S.K.: 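Take a look at this one; I'll ask things after.
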Amino acid sequence: MSDLPALVVVVPILGALVSLLSGIRWDRGGWYVAAATLAVQVGLAVSLAADAFAGEPGSYAVGGFTPPFGIELLVDGLSASMVVLVAVVALGVLAYARTAGPRSPRFFATYLLLVSGLSGMSITGDAFNMYVFLEIVGLTAYALVASGEGGRPAVAALKYLLVGTFGASLYLLGVGYAYIATGTLNMADLASELAAVGYASPLVRASFAFVVVGLFVKVAMFPLHTWQPGAYAGAPDSVSALIASLVSTVSAYALVRIVLTVFTPEFLEAVSFARPLLAATAAVSIVLGSLLAVAQTEIERMLAYSSVSQFGLVVAALSVSNAAALVGLAVHLVGHAVMKGGLFLASGLVSTGADARTVADFDGLGSRMPVAAASFGALALGMVGVPPLVGFFGKWYVVLGALEAGAWGLTAVILLSTLLTLAYFARLLERMFFRETPEPASGAAVADGAGAPDLAGDGAGDTVPGAADLSTGMYAAVVAAALLAVGLGAAVPAYESALAPTIEVFLS
Amino acid sequence: MIDVVLDRAYFVVAFLLLGIGAHMLIGDRNLVKKVIGMNVFQTGIFLFLIASAYVAGASAPLLTEPGPYVSPLPHVLILTAIVVGVSLTAVALGLIVRIYGEYGTLRADLVGEVDGGE
Amino acid sequence: MTDIASFGPLAAVLVSAVAVGPILLSGGRPNLRESWTAVAALVKFGIVASMVPGVLRGDTYVTDLGAFLPGARFALEADALGILFALLASFLWIITSSYSVGYMRGLDEHSQTRYFAAFAASLSAAVGVAFASNLLVLFVFYELLTVATYPLVAHDETDEARAAGRKYLAYTFSGGVAVLAGTALVYWLTGTVTFTPGGIAGLGGADPTVARLAFALLAGGFGVKAALMPLHSWLPDAMVAPTPVSALLHAVAVVKSGVFGIARLVLDVFGPDAVSELGVGLPLAAVAAFTLLVASVIALRQDNLKRRLAFSTVSQLSYIVLGLAVLDPTALVGGLLHIPAHAFMKITLFFAAGAIHVETHTDDISGMAGIGRRLPLTMTAFAVAAAGMAGVPLVAGFVSKYFLLIGAISVERTLLAVALLVSGVLNVAYFWPVVYTAFFESAEDSDRKPLIEGPLGGRFPWGADAAGDADPGPVADGGAEGGRAAAATAAAGDGRGHDADDADHTDAHGHGHAAGGWERRGWTGGESTWFMLGPILAVALGSVVLGVVPDGAVFLRIVRLVVSGVTGVSV
């Protein structure tokens with residue numbers, strides 16, 4: 001195995017340093033350093049993924065210490081997907097952040113550290129190392145949330161910090177239990193050692209409970225989601241897009257990794273509370289997350305609650321843990337990250353361009369900002385799971401998996417979640433396209449049949465007060481996300497077969 | 001019963017710290033006290049893990065000492081975790097300074113009122 | 001029976017989807033925009049029609065785009081059943097396009113670009129439904145059809161239209177979820193969801209409870225768009241859409257996609273044998289029979305012409321479902337033939353209703369006394385189509401209903417046969433008043449309409465309401481607008497002068513009739529624009545052709561092919 005796994009963690013850290021140093025001389029240098037670093041990162045991630053999908057799942061011994069004594073980096077189909085996802089989304093959001101986001105070199109240094117932490121979480125094969133990366137991600141995310149102006153981001157960040165630390169500490173406690181039971185921290189080694197200790201051991205069971213609950217906090221499962229709406233709504237738009245798209249996703253990946261690689265499906269079989277814990281949390285999150293989303297008036301808070309509900313679907317797939325469900329899980333993790341990131345960017349776009357931050361502000365957006373509205377609409381439909389958008393594919397596989405496992409209740413909840421999602425997105429669609437802008441200034445444009453609003457106009461066609469603040473990069477990121485949401489579905493069959501070896505390992 | 005507790009007095013104390021820390025973290029309205037609670041909570045975990053390394057009658061893991069040794073790994077891990085904890089505290093205190101500057105209070109409920117229920 | 005690899009099915013689907021781009025881009029130049037629609041419609045029909053001879057020879061055209069999901073490839077397949085629906089939808093789109101131009105410009109509607117773009121997208125989805133080769137591909141297009149038609153329902157941007165749009169989305173997406181669940185169950189039971197004439201092997205032998213559940217979910221899901229009671233209530237509300245939408249989509253493409261889904265379900269997923277083994281045909285037939293009777297009764301009481309037509313659609317769609325559920329080959333022919341037959345007749349009726357709306361701004365039947373003088377050709381076409389609906393010989397409806405009746409009798413489902421006959425009577429009962437009002441009444445001299453005006457149940461003390469008798473005609477709400485109505489009619493004197501009061505065109509209610517009765521127009525087309533008259537006469541002619549020489553029109557041959565392919569019996 002090449003040094004690629006180490007590089008995807010190290011390169012962003014180096015980039016962060018350079019970005020910070022560049023700030024001494026050149027105030028705007030941070031963005032360019034970050035862009036260059038992330039371009040390299042995308043290249044590294046893609047070649048890492050190419051290796052992982054072509055050959056055997058690989059492992060890399062950090063510093064030459066042989067696992068299980070040293071730290072192992074572990075690359076398989078799922079972790080490679082995460083690394084690529086992190087790199088690509090980070091680059092996309094960066095394109096948006098150039099004009100929109102905080103522009104200080106410190107911001108971009110933190111941004112790159114977050115990318116490093118996320119990449120590290122994706123490929124580490126060591127339970128304690130996971131904790132360290134989890135905290136790196138946490139620390140940088142708190143700092144990024146607080147990077148906005150005013151007091152609100154700081155309050156949101158502090159709340160995020162307190163709750164997030166609580167979750168990470170629980171995770172550490174769980175890892176401690178596992179260590180006490182087995183004397184090892186390497187994931188693969190833990191799996192066999194835990195089995196040797198016996199799943200009936202209270203140490204092992206307590207370890208599972210602490211780790212899972214700790215990660216539930218990071219993924220924002222109901223009722224441990226309370227940090228999320230505030231953090232997403234308080235952070236600058238580019239930060240909330242990045243965090244909403246990646247942090248929960250990679251945390252969910254960590255949960256999957258720990259549950260399947262460390263505790264293995266046999267544990268889920270053997271321990272009576274394991275599956276119900278996952279399934280019940282998932283079902284409650286799906287339903288209550290959606291209901292809370294319906295109750296929101298602020299767009300970003302609504303999207304945050306939508307995440308609670310969507311990650312319920314991921315955890316539901318995890319609780320089922322058969323081949324179909326895991327394909328669905330992987331597809332949904334990637335698809336949701338793209339769609340949710342795109343939705344946050346789009347909502348940032350309209351709040352900058354049309355000062356639309358609440359549901360009511362979306363009235364008539366279709367004629368004020370056609371491109372943004374159309375992208376938002378496409379992404380929202382993807383979230384609902386309208387085929388052939390990518391949101392449908394994940395859901396379909398998870399439904400199949402749940403059916404195969406005979407989990408009827410869960411199947412019903414997942415199917416119903418389509419309608420619940422529709423409930424909070426449909427009203428936005430209606431307001432964007434079938435209501436007129438409240439102020440009567442441009443009323444004539446709609447009454448004139450021949451001069452109907454041109455939906456396909458380009459960014460420059462959006463005549464809105466804040467249009468000067470909108471850059472091509474911002475539009476490009478939003479439109480790219482929408483196109484990905486539409487197009488990724490076509491890649492699902494190939495992705496499924498590429499993922500097959502990985503899933504076989506998970507389930508064996 | 002008392003013997004059972006006394007045998008594990010160390011663990012009992014560690015978990016008492018966890019409880020106290022969690023209570024302060026969740027229950028207290030003062031932001032600084034919340035952070036202190038977070039620290040107490042983490043300290044409980046650190047102590048718990050370090051205790052797990054203890055082997056009765058063993059010596060420190062030094063080449064010059066005779067075996068058996070206590071496990072060195074938890075110490076290393078907790079050292080890392082302490083560094084993480086310190087960084088978290090630093091970030092948290094930095095945020096609190098900023099919040100105090102904006103709102104002029106450290107009471108979580110009053111900050112919430114100013115922001116309209118955030 | 002051979003499969004021919006061909007781009008035909010894909011091209012047929014894509015033509016109108018591709019046209020969406022140019023339509024949106026040429027939004028500022030209406031004539032160019034409408035010519036894109038016209039070109040797309042003609043090309044689409046051409047592609048579909050070019051595949052008809054091959055299909056009649058027993059071939060199937062297949063476009064395979066590769067793997068899609070487990071158990072399903074993303075393949076489009078023009079088989080006999082698919083070509084029936086695609087041919088119908090694409091042919092009627094040509095006519096509707098012309099009508100749309102007349103209608104939308106006649107009313108000077110807003111957002112015409114969005115309207116034409118969404119219309120083209122809907123047609124893509126509808127033909128996709130027709131050519132889907134398995135349940136999953138069908139589901140994809142079924143959902144896309146929902147999304148594409150939503151802007152058309154909510155087009156008016158009034159509170160009423162938005163409410164109708166919400167209801168539409170809620171109903172059809174719920175149906176979509178049921179279809180998805182049923183599809184997943186079918187896949188779980190058999191490992192495939194690909195359509196197989198005569199049914200997917202293994203469904204008959206599967207766990208009957210789960211198989212019944214799958215059938216119920218799929219039938220229920222498709223039943224939403226097919227407007228089976230009690231899932232029908234979105235359809236009358238959706239009549240708030242512009243009339244060409246009601247005509248093509250809510251009488252043909254969308255609702256028929258539901259019916260078509262049930263046809264696929266009965267014929268190609270479960271197969272008639274499995275359906276009768278599982279005993280799910282009879283409940284479906286019962287629901288259909290209930291719907292066709294009750295909807296007819298409700299239609300009797302609708303004063304708004306489009307709503308009356310909508311309930312008529314609900315009722316007529318159930319004829320098709322009934323034909324499918326009876327499982328007798330003859331009834332199958334009848335049911336499937338009713339797809340094109342009803343399409344031609346109902347589209348005539350809607351076109352006529354739309355022409356009345358554009359020319360006179362009248363929506364309520366009570367305001368139409370003597371309107372035959374104003375719109376002679378339109379109302380004649382209406383009368384012909386209405387006769388067909390009721391099953392009068394020499395019009396399309398007779399042929400399909402005849403087959404249905406024979407089928408129902410030959411399997412000794414006498415009750416169903418009785419339901420069919422009773423419904424025929426009810427059809428007359430709710431269409432005749434319209435024709436009668438239009439031709440044999442006038443504003444001064446019109447009869448009471450107790451069914452519409454009286455309370456439900458009819459125990460209204462008419463004798464005590466003598467004063468009401470003196471009131472010339474049922475103008476309870478029309479009369480209040482008498483002043484405006486007079487103005488409207490006066491303005492209509494110069495043909496297209498109604499533009500003057502186009503602010504009124506979103507009014508849900510009609511304007512009543514002018515005190516002096518309708519002005520008399522000749523039989524030479526002075527009553528309206530030929531953009532609208534042409535389509536009306538064309539589809540009316542089509543209904544008659546289907547009724548006079550059913551074997552001459554291609555639809556019956558295709559239907560026979562479908563039925564013999566599924567049951568092995570040639571009818």
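First the proteins, then the strands, lettered A, B, ... as listed; each starts at 1. Quick caveat: nothing in here was measured; it's all calculated off a predicted structure.
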S.K.: Under the rule for side chain to side chain donor-acceptor pair (under 3.5 Å), what residues qualify as partners of A:Ser119, not counting sequence neighbours?
M.R.: A:Gln41

S.K.: Under a 3.5 Å threshold, yes or no: a donor from one side chain and an acceptor from the other, between A:Tyr179 and B:Ser71?
M.R.: yes

S.K.: So which part of A:Tyr142 gets closer than 4.5 Å to some heavy atom of chain B, the side chain, the backbone, both or neither?
M.R.: side chain

S.K.: For a 4.5 angstrom cut-off between non-hydrogen side-chain atoms, does A:Ser251 reach A:Met121?
M.R.: yes

S.K.: Using heavy atoms and a sub-4.5 Å threshold, report which of residues 22-33 of chain B line up against chain A, by residue number.
M.R.: B:Ala22, B:Leu25, B:Leu31

S.K.: Taking the side chain as everything from C-beta on, heavy atoms only, tell me whether B:Leu106 gets closer than 4.5 Å to B:Ile99.
M.R.: no

S.K.: Within a 6.0 Å radius of atom OH on B:Tyr100, are there more than 12 heavy atoms belonging to other residues, nucleotides or ligands?
M.R.: no

S.K.: Shorter than 4.5 Å, heavy atoms on both sides: which option in B:Leu77, B:Leu18, B:Val91, B:Ile45 has the most such pairs with chain A?
M.R.: B:Leu77

S.K.: Check whether the ring centres of A:Tyr305 and A:His225 lie less than 6.0 Å apart, and answer yes or no.
M.R.: yes

S.K.: Does B:Ile82 reach the side chain of B:Phe46, with side-chain heavy atoms less than 4.5 Å apart?
M.R.: yes

S.K.: Between A:Glu72 and A:Asp189, does the side chain to side chain contact (heavy atoms under 4.5 Å, CB included) criterion hold? Intermediate values first, please.
M.R.: CA-CA 11 Å; A:Glu72 181 190 15; A:Asp189 206 28; over 6 Å; no

S.K.: Does some side-chain heavy atom of A:Phe344 sit less than 4.5 Å from a side-chain heavy atom of A:Glu300?
M.R.: yes

S.K.: Below 4.5 Å from any heavy atom of chain B, which atoms of A:Leu162 appear? Answer side chain, backbone, both or neither.
M.R.: both

S.K.: Evaluate the salt bridge (Lys or Arg N to Asp or Glu O under 4.0 Å) criterion for residues A:Glu149 and B:Arg98: first the C-alpha distance (whole Å), next the side-chain angles of each, then the deciding distance (0.1 Å), finally the verdict.
M.R.: CA-CA 11 Å; A:Glu149 310 257 314; B:Arg98 206 174 126 192; over 6 Å; no

S.K.: If contact means a heavy atom pair closer than 4.5 Å, which residues of residues 167-175 of chain A contact chain B?
M.R.: A:Ser169, A:Leu170, A:Leu172, A:Leu173

S.K.: Between B:Phe48 and A:Tyr177, does a ring pair (Phe, Tyr, Trp, His ring centres under 6.0 Å) hold up when you go through it step by step?
M.R.: CA-CA 10 Å; B:Phe48 170 72; A:Tyr177 271 103; 5.3 Å; yes

S.K.: Apply the test side chain to side chain donor-acceptor pair (under 3.5 Å) to residues A:Ser347 and A:Asp237: give CA-CA distance (whole Å), side-chain angles for both, the deciding distance (0.1 Å), then the verdict.
M.R.: CA-CA 8 Å; A:Ser347 80; A:Asp237 298 327; 5.5 Å; no

S.K.: Determine whether B:Met38 and A:Leu161 satisfy the following criterion, side chain to side chain contact (heavy atoms under 4.5 Å, CB included), listing intermediate values before the conclusion.
M.R.: CA-CA 10 Å; B:Met38 182 186 88; A:Leu161 184 145; 3.8 Å; yes

S.K.: What residues of residues 130-140 of chain A sit under 4.5 Å from chain B when only non-hydrogen atoms are counted?
M.R.: A:Tyr131, A:Val132, A:Glu135, A:Leu139

S.K.: Quick one: what part of B:Leu49 sits under 4.5 Å from any heavy atom of chain A, side chain, backbone, both or neither?
M.R.: side chain

S.K.: Can you tell me how far apart CG (A:Leu190) and CG (A:Asn186) are? Round to the nearest 0.5 Å.
M.R.: 7.0 Å

S.K.: Side chains of A:Val308 and A:Leu292, heavy atoms from C-beta outward: is any pair under 4.5 Å?
M.R.: no

